[in-house]
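All values derive from a computational prediction rather than experimental measurement. In what follows, chains carry the letters A, B, and so on, assigned in the order in which the sequence lines appear, proteins first and then strands, with residues in each chain numbered from 1.
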Protein chains: 2
Amino acid sequence: MAEREVDRSVSQTVKAQLALRDQILSGSLRPGERISELQAVETTGASRTPVRMALVRLEEEGLLEAIPSGGFMVKAFSERDISDSIELRGTLEGLAARFAAERGVSARELEPLKECLAAIDELLRQVPISVDAFSSYVTLNARFHALLTELSRSPPLIRQIDRASALPFASPSGFVMAQSALPEAQQILIIAQEHHRVVIDAIENREGARAEAVMREHARLAVRNLRLALRNRTHLDLLPALALIKSATD
Amino acid sequence: MAEREVDRSVSQTVKAQLALRDQILSGSLRPGERISELQAVETTGASRTPVRMALVRLEEEGLLEAIPSGGFMVKAFSERDISDSIELRGTLEGLAARFAAERGVSARELEPLKECLAAIDELLRQVPISVDAFSSYVTLNARFHALLTELSRSPPLIRQIDRASALPFASPSGFVMAQSALPEAQQILIIAQEHHRVVIDAIENREGARAEAVMREHARLAVRNLRLALRNRTHLDLLPALALIKSATD
DNA sequence: TGAATACGTTATGTATACAATAACTCGGAG
DNA sequence: CTCCGAGTTATTGTATACATAACGTATTCA
């Protein structure tokens with residue numbers, strides 16, 4: 001064995017996967033760029049076998065694309081790919097909300113959602129919102145969406161939503177950060193929070209159709225805001241996740 | 001190198017993946033059963049590295065589940081998991097139909113869909129439908145759904161639908177075969193065909209909401225029929241794909 | 001001078017050896 | 001008789017060596 005430093009706390013495969021994902025999302029690896037296994041071995045510290053397993057997982061996750069002649073490259077996305085992904089996720093979350101409403105949710109299960117809601121309310125009281133508060137918002141928002149998804153009690157649906165969220169631009173942190181650069185950010189967040197409130201209310205009152213509708217509207221709001229953010233390209237360098245957008249790199 | 005027979009026409013990884021998937025779907029490997037790598041090496045003819053890559057892919061595909069202590073087991077599904085997956089797929093196909101309607105589709109692009117429709121009409125003229133005709137129907141139906149999905153022109157959505165369809169019970173062949181055992185099969189297929197007709201009409205007339213609604217109804221029909229099929233357990237041994245249902249194995 | 005082919009280099013696909021961990025069994029003690 | 005523990009075995013995780021295919025470069029021929 002070489003002088004390789006082996007971290008036994010997590011598996012080499014997971015370590016490599018996280019490291020490579022970071023490199024992709026941070027923009028170290030550009031869209032369309034081929035990923036060299038040897039290079040990945042050096043940067044991640046794992047050997048080729050776990051690196052290859054990580055590459056396969058990232059391909060299935062949608063961040064990488066297999067090259068026919070062999071190997072993998074960083075996938076490139078169009079602006080429409082991204083807005084479609086957001087709408088897709090909203091559609092799935094709408095289904096989750098409807099399932100939750102139709103199948104019934106106890107007050108105890110709604111408790112953490114309401115706590116999340118209250119915490120976000122607290123943050124939004126700041127005008128204008130600080131960068132730190134925005135960072136907290138991103139975390140809380142992600143937590144809210146994850147909890148809501150769980151309420152569906154449908155493992156296949158939860159799994160699929162996780163997949164849809166794996167695409168970074170569709171993840172809360174992705175598009176919420178995009179919105180943070182906008183002057184309209186505060187107003188947007190207030191509307192989004194209103195959606196959160198309505199979906200909980202609809203679930204409590206077992207109104208499946210209303211719960212579904214508001215989550216879809218929530219996604220449409222996000223799509224509109226993404227478009228706005230992409231028009232204001234001046235702020236886009238703040239958004240590493242959006243480095244994946246093909247057209248932005250040209 | 002041992003006396004191993006190496007088939008160089010396809011990659012060992014793909015070969016192993018196909019072989020293992022077959023074993024799972026055919027019921028050779030039962031739900032909850034642990035998959036031994038060594039055993040998989042023997043049955044697939046590939047070595048451990050490609051076998052492991054195949055296992056990772058099948059896990060991402062949803063057929064396998066990682067065991068915390070290491071290795072993989074065949075995933076087990078409840079009846080609700082399956083009906084949820086069908087509804088999930090219907091929801092995604094509804095979105096695809098809406099995208100197609102809203103974004104517009106040329107007559108030329110609709111041509112293959114209409115050919116598919118006509119071919120199915122031809123099959124359904126037989127009363128009662130033969131087993132061979134049913135087999136053809138499964139193929140044609142899968143083709144119709146695939147073509148419809150393509151019309152959305154949304155790579156992320158197409159990808160996600162493929163994923164949702166990877167779960168065999170949600171795939172056309174899976175649940176359509178389940179329906180084939182039912183005495184009501186013929187009537188069901190006629191209604192399903194009517195849905196196909198409506199969605200094409202809606203797309204032609206650029207009625208997004210109607211296109212989406214009919215695909216969702218299409219899925220709800222499938223869910224109802226799956227429930228019917230599961231009540232008639234006498235026919236279920238004909239349906240290897242449904243061997244994945246947890247409760248059916250008890 | 002340009003194009004095509006052959007050769008060399010590099011990177012991926014595959015196989016296997018080695019290491020570490022988890023499960024199982026057997027034995028002993030309470 | 002049961003429960004706990006140590007040893008052993010089997011299986012997975014990791015590393016690396018080898019095979020093969022693709023790409024780039026250089027040289028030669030037209």
Side-chain angles (χ1 to χ4, degrees), chain A residues 1-21 23-24 28-61 63-75, chain B residues 1-21 23-24 28-61 63-75:
Chain A
M1 183 171 305
E3 75 285 5
R4 187 187 298 285
E5 287 290 328
V6 180
D7 177 5
R8 304 201 179 285
S9 64
V10 293
S11 80
Q12 297 296 302
T13 301
V14 171
K15 192 179 73 175
Q17 187 175 354
L18 293 176
L20 286 172
R21 191 185 305 161
Q23 289 180 33
I24 296 168
S28 306
L29 298 166
R30 306 207 145 237
E33 186 174 344
R34 182 177 196 148
I35 287 195
S36 157
E37 278 187 12
L38 210 61
Q39 184 184 328
V41 163
E42 285 170 10
T43 59
T44 64
S47 75
R48 275 190 67 208
T49 303
V51 161
R52 280 176 67 78
M53 306 234 322
L55 291 174
V56 169
R57 286 206 143 90
L58 289 169
E59 182 205 359
E60 301 286 334
E61 202 170 300
L63 258 57
L64 298 181
E65 200 173 352
I67 300 173
S69 65
F72 299 92
M73 56 178 267
V74 180
K75 206 160 171 176
Chain B
M1 181 171 305
E3 76 286 5
R4 188 185 298 282
E5 288 290 327
V6 181
D7 177 4
R8 303 198 182 287
S9 62
V10 293
S11 81
Q12 298 295 303
T13 302
V14 170
K15 193 178 75 175
Q17 188 175 355
L18 292 175
L20 286 172
R21 191 186 300 156
Q23 289 180 32
I24 296 167
S28 305
L29 298 166
R30 306 207 145 237
E33 188 174 343
R34 182 176 196 149
I35 288 194
S36 157
E37 277 186 14
L38 211 62
Q39 184 184 327
V41 163
E42 285 171 9
T43 59
T44 63
S47 74
R48 276 189 66 209
T49 304
V51 161
R52 281 176 67 77
M53 306 228 328
L55 290 174
V56 169
R57 287 205 142 91
L58 289 168
E59 182 206 359
E60 302 287 334
E61 200 170 301
L63 260 56
L64 297 181
E65 200 173 351
I67 300 173
S69 64
F72 299 92
M73 56 178 267
V74 180
K75 205 160 170 177

Please report the C-alpha distance between A:R52 and B:R52 in whole Å, then the side-chain angles of each, then the deciding distance to 0.1 Å, and finally whether the side chain to side chain contact (heavy atoms under 4.5 Å, CB included) criterion is met.
CA-CA 10 Å; A:R52 280 176 67 78; B:R52 281 176 67 77; over 6 Å; no

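- Atom CD in B:Q39 sits about 15 Å away from atom C1' in D:dT12, given to the nearest Å.
- In this model, the phosphate group of C:dA15 is approached by a side-chain N or O of B:S47 to a distance below 4.0 Å at OP1 or OP2.
- Rounded to the nearest 0.5 angstrom, B:I24 CD1 and B:E61 CD are separated by 8.5 Å.
- B:V74 and B:R30 get closest at one heavy-atom pair: CB-O, 3.4 Å.
- Between atom CG of residue A:L63 and atom CD1 of residue A:I35 there is a gap of 9.0 Å, rounded to the nearest 0.5 Å.
- In this structure, CD in B:E37 is found 9.0 Å from OG1 in B:T49, a value given to the nearest 0.5 Å.
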Using a cut-off of under 3.5 Å, enumerate the N/O to N/O pairs linking the protein to nucleotides 10-13 of chain C.
from   : atom 1 : to    : atom 2 : distance (Å)
C:dT12 : OP1    : A:I35 : O      : 3.4
C:dT12 : OP2    : A:E37 : N      : 3.4
C:dG13 : OP2    : A:R52 : NH1    : 2.6
C:dG13 : OP2    : A:R52 : NH2    : 3.1
C:dG13 : N7     : A:R48 : NH2    : 2.9
C:dG13 : O6     : A:R48 : NH1    : 2.9

